[in-house]
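Everything numeric in this text was worked out from a predicted model, so none of it was measured.
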There are 4 protein chains.
Amino acid sequence: MDKAEKYDKPDKCAEKREAIIQAALELVAEQGFHGAPMAMIAEKAGVGAGTIYRYFENKDDLIRWIYKNVEERFVEVMMQGYPEHGPVRERLVHIGTALVRHLINEPLQLRFVEQFHNSPYGVDHRREKIFGQQKKDIISELFDEAVAQQIFKPLELAILFSLFFGPLVDICRDHILGFIKLDDALIEQVVGACWDALRR
Amino acid sequence: MDKAEKYDKPDKCAEKREAIIQAALELVAEQGFHGAPMAMIAEKAGVGAGTIYRYFENKDDLIRWIYKNVEERFVEVMMQGYPEHGPVRERLVHIGTALVRHLINEPLQLRFVEQFHNSPYGVDHRREKIFGQQKKDIISELFDEAVAQQIFKPLELAILFSLFFGPLVDICRDHILGFIKLDDALIEQVVGACWDALRR
Amino acid sequence: MDKAEKYDKPDKCAEKREAIIQAALELVAEQGFHGAPMAMIAEKAGVGAGTIYRYFENKDDLIRWIYKNVEERFVEVMMQGYPEHGPVRERLVHIGTALVRHLINEPLQLRFVEQFHNSPYGVDHRREKIFGQQKKDIISELFDEAVAQQIFKPLELAILFSLFFGPLVDICRDHILGFIKLDDALIEQVVGACWDALRR
Amino acid sequence: MDKAEKYDKPDKCAEKREAIIQAALELVAEQGFHGAPMAMIAEKAGVGAGTIYRYFENKDDLIRWIYKNVEERFVEVMMQGYPEHGPVRERLVHIGTALVRHLINEPLQLRFVEQFHNSPYGVDHRREKIFGQQKKDIISELFDEAVAQQIFKPLELAILFSLFFGPLVDICRDHILGFIKLDDALIEQVVGACWDALRR
DNA sequence: AATGAATGAGTTTTCATTCAT
DNA sequence: AATGAATGAAAACTCATTCAT
C-alpha cells in the first residue's frame, strides 16, 4: 500500500457510503421496499453485505437517512436562485418551478419519497410535511407573509401547502409515468393554477 | 330449509369473508403491507390461516379486491345525491365535499388506498387515476364539459384531476393525523380553493 | 323417495366408490401423488371431499386399495384363457402376451403401479413382487415346474421373474411414452427374447 | 494465505455442499420425496435451512443435480476398465457386471434414481433412458455394432436396453431388499441370461 | 349418508443480520 | 475495516382430515 492509497482511504470510505446510498435509492425507487433486500443493495453498490452495517446501523437507518438526504436536496433546489426580495408571486413561482423541474429530472428521488411516505418508515415523518426543518422556514415565512398581506386565502399553513405542493407532486408523477408530457410552458400554467388556488 | 336457515347460511359465509376483508383493511392501513402477514389477518378475522384461501386466491388477490371495493365505495359516495343537472360548480362542490367527508369518516380506507398506490400492487392501477372506470366517466364528463364551456382552464384531464383531487386527499390525511381540524365550513373553503385552481 | 331409488341405493354406493377409485387412479397416473390432493379427487369423482372418508379410512387406504385392485386385474388378465394344460412355452407366452396387451391398453394402470412402487406407499408391498398372492401361485408353479423340468435355468424364482417381467413392463412404458411402437409381431418377438433369457 | 488455508477453505465449502447432497440423497432414498422436507435435509446435513439455498436455487434444482451426479457415476463405473477392443460379449458382461456391483454397493443411489424416475421430477428425463448422453453413446455403439454383426436380435435399441438393463436393475433391488443374495457367480449367471435374451 | 367449509400443521423459500476470517 | 457465508425466524401457501349441517 503506497501513499496515494493512504490518502485515498477517507475518500474510499465516503465513496463506499455514497455507493450504498445510491444503490438503495435506485432499488427502492424502481422495485419498492420488497424489491430491495440488503444483499441486492450490497451487490449493486459493489460492497460486501456486512459492510453496509459499518455505515448504517439498520436497514431502517439506511432508508431514513436516504429520505432525509433526498428531502434536503429538494429544499436546496428550491432555495437555489430564490428571489428573496422579489414579490410573493415571483418567489412562489420560483419554488414551484424549481421543485417540478427537479422532480422530473430525478424520478428516482420522487419515486423513493413516495415509497417512503406510504410505508411503515414514513409514519413518523408524516407530520414533518414534505419539507425539512431549517430551510422550510423560508417557505413557511413566504406563505405566512402572503397570508398576512391578504394575498393568500386565510387558511392554515398545512392547507395552503396541500393546495400548492399536492398537485405539483402529482403532475410530476404523471409525467414520469408517461401519462402527461410536461414542458416549460405547461409547468408555468400548472404553477399558475396552484397560485390561483392560494390567491384570495 | 326454513327462514332461519335461509337468512343464516348466506350470512355466515358473507360474514367470514367480510371479517377477512375488514381485518386485512385495518392491518394494512395501520401497519402497512409489511405488517399484515396472512397469519395475522387470519387471527384478527378470527378464522384459520387456510380459510382465507377459500375466499381469495392469493394475498395479491385479497389486496386487489379490497382496493377495488374501497374505490367503488368512493365513487358511490360521490355519486350519492349528485346533482346531475345542476351547474358545473354545484356538481364539482358536491363531489369534492362528498369525497372529503367520506375519507375523514373512513380513515382506514384512505390509509389503505395510499398504501396501495405506492406499492408493487398499485403499479398497474396507477394509470387508472384515483377513481374507477364506469362511474368515473361521469366525473370525467363533468370535467370535459367544463373545459368545453371554457369554465375550466384548457388543460389535460389528468392535470385537472391533480389540481382538484390532489389537495383534497392531502388535507384529509392531515386531518386524520391531527394536523388540522376540518369542519363543514373549512371543507367548503378548500373545495372552493380547488375550484379556483381549475377556473379560467 | 320411491322404490326405484330404494333399489338403486346400493348401486349408487358402489358407483360412488368406483368413481372415487377411477378419479384417484387417473389423477395419480397422470400427475403423480403430488398432483392428486383429496379435494381434487373428490371433485373429479363428483362427490364431496368428506365422502371419500366414508369409503376409505385414509388417503393411504384409498391408494393401497387401488393398487391391490389393479394388481388383481393384472393377474385376472393373465389367467384369462390360460392354457393350463399346454406346454410350458405356450403358457409362458400366454402370460407375457396377455400382460403386455393389458398394460398398453390400460396405460393409467401401468403408470399408477409405477408411481406406487416408487413411493412411501410401495415400500411395504415391494417384497410381494409384481403380482398378488393367491393366483400368483399358478405363475410360480409354472416357473417352478419349468425349473424342475430343466427347461429354465436353475435360478431363484425372484430372478426368473425379473428376467421375464422386468423387460416386459419396461417396453410397455416405452410404448406408452411413444418411444417405441408395439404390435402383435413385436410383442411376440420380445416375449420370445424373454423366454430365451429363462431357457437353459 | 498459507498451505493450510489453501487446502482448508475450499474444503469447507465443498464439504458443506457435499453434506447437503448426501443428506438429501439419503432422505429421498429412504423416505421418498414426501419424507425429505428441506428443513430435515438441512438438519441432517448440519446446516441452516437457508444455507441450502446458497448452493442450490431450488428444491428441484437440488434434486435434479443429485440425479445428474448419480447418473454420471453409473456411467463412470461402467466405463471403468471397459475392454474397448474386446469381443462384444466381453464388453457387455463388463458393463452389466460393473453396473450390478455398483448398484448393490450403493443402494441409496439405486433407490434415489428409482424415486426420481417415477415422480414429477423424472418426467422430463424419462426419455433419456437410464443412462446419460455423452458416454451412453459408447454403450449404444456397442449395441448397434452387435446388431449390425447379427450377434443381437434385430430389435430397436430401446427394446434391447430393456432386455438387458431391466432385469439387472430389478435383481439389484431384490438384493437390497434382502429378497435374494447376489454374489459374483450369480451376477455372472444373470448377466449371462440377459445376454441370452439379446442373442440371436 | 353426504357434504364441503374450515382448519392448522407442515412445506418451500426469503432476507436482515451476524461473525469468523 | 471489509467481507460474504451462514443463519433461522418468518412469510405465503397447501392439503389431509374433521364436523356441523
Visitor: Name all residues meeting the ring-ring contact (aromatic ring centres under 6.0 Å, His included) criterion together with A:F33; count only those two or more places apart in sequence or in a different chain, and write none if there are none.
Guide: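 If we apply the ring-ring contact (aromatic ring centres under 6.0 Å, His included) test to A:F33, skipping adjacent residues, the hits are A:Y121.
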
Visitor: Expressed in angstrom and rounded to an integer, what is the separation of C:E43 atom CD from F:dA16 atom P?
Guide: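 Between P of F:dA16 and CD of C:E43: 14 Å.
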
Visitor: For DNA chain F, what is the dot-bracket line, given that a base pair needs Watson-Crick (N1 to N3, plus N6-O4 or O6-N4) or G-U wobble (N1-O2 and O6-N3) geometry with both distances under 3.5 Å, and | means paired with another strand?
Guide: .||||||||||||||||||||

Visitor: Between F:dT17 atom C1' and C:I41 atom CD1, what is the distance in whole Å?
Guide: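 Spelled out: CD1 on C:I41 to C1' on F:dT17 is 13 Å.
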
Visitor: Send over the distance from A:K16 NZ to F:dA1 C1', rounded to a whole Å.
Guide: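 In whole Å, F:dA1 C1' lies 8 Å from A:K16 NZ.
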
Visitor: Is the B:Y67 ring parallel, tilted or perpendicular to the B:H117 ring (thresholds 30°, 60°)?
Guide: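 The arrangement is perpendicular - the two ring planes meet at more than 60°.
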
Visitor: Can you list everything that forms a salt bridge (Lys or Arg N to Asp or Glu O under 4.0 Å) with D:E26? Sequence neighbours excluded, please.
Guide: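 D:K44.
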
Visitor: Please identify each residue that fulfils salt bridge (Lys or Arg N to Asp or Glu O under 4.0 Å) with D:D61, with sequence neighbours left out.
Guide: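 If we apply the salt bridge (Lys or Arg N to Asp or Glu O under 4.0 Å) test to D:D61, skipping adjacent residues, there are no hits.
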
Visitor: Roughly, in whole Å, what's the span from CD1 in D:I52 to P in E:dC15?
Guide: 17 Å

Visitor: State which residues pass side-chain contact (heavy atoms from CB on, under 4.5 Å) with B:A45; sequence neighbours excluded, sorted by chain then number.
Guide: B:A19, B:I20, B:A23, B:V47

Visitor: What string of B, S and - do you get for nucleotides 8-14 of chain F, 5' to 3', when a contact is any protein heavy atom under 4.0 Å?
Guide: B--SSBB

Visitor: What is the distance from CZ of A:F56 to P of E:dA16, rounded to the nearest Å?
Guide: 15 Å

Visitor: Please list all pairs passing the salt bridge (Lys or Arg N to Asp or Glu O under 4.0 Å) test where one or both residues lie in residues 28-42 of chain A, with sequence neighbours left out.
Guide: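 Sorted result for residues 28-42 of chain A: empty, none.
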
Visitor: Within the pair A:Y55 and F:dA1, is there a side-chain N or O less than 4.0 Å away from OP1 or OP2?
Guide: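 Result: no.
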
Visitor: Any heavy-atom pair between the side chains of B:M40 and B:L27 that's under 4.5 Å?
Guide: yes

Visitor: Rounding to a whole Å, what distance do you find between B:R17:CZ and E:dA5:C1'?
Guide: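 Going from B:R17 (CZ) to E:dA5 (C1'), I get 14 Å.
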
Visitor: Among residues at least two apart in sequence or on other chains, which ones pass side-chain contact (heavy atoms from CB on, under 4.5 Å) with B:E106?
Guide: B:H102, B:Q109

Visitor: Expressed as a whole number of angstroms, how long is the span from A:K44:NZ to F:dG4:C1'?
Guide: 20 Å

Visitor: Which residues pass the side-chain contact (heavy atoms from CB on, under 4.5 Å) test with D:I21, sequence neighbours left out?
Guide: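 With neighbours one apart ignored, the set is D:R17, D:E18, D:F56, D:W65, D:I66.
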
Visitor: If I take atom CG in residue C:D61 and atom C1' in nucleotide F:dT17, what distance separates them, rounded to the nearest angstrom?
Guide: 14 Å

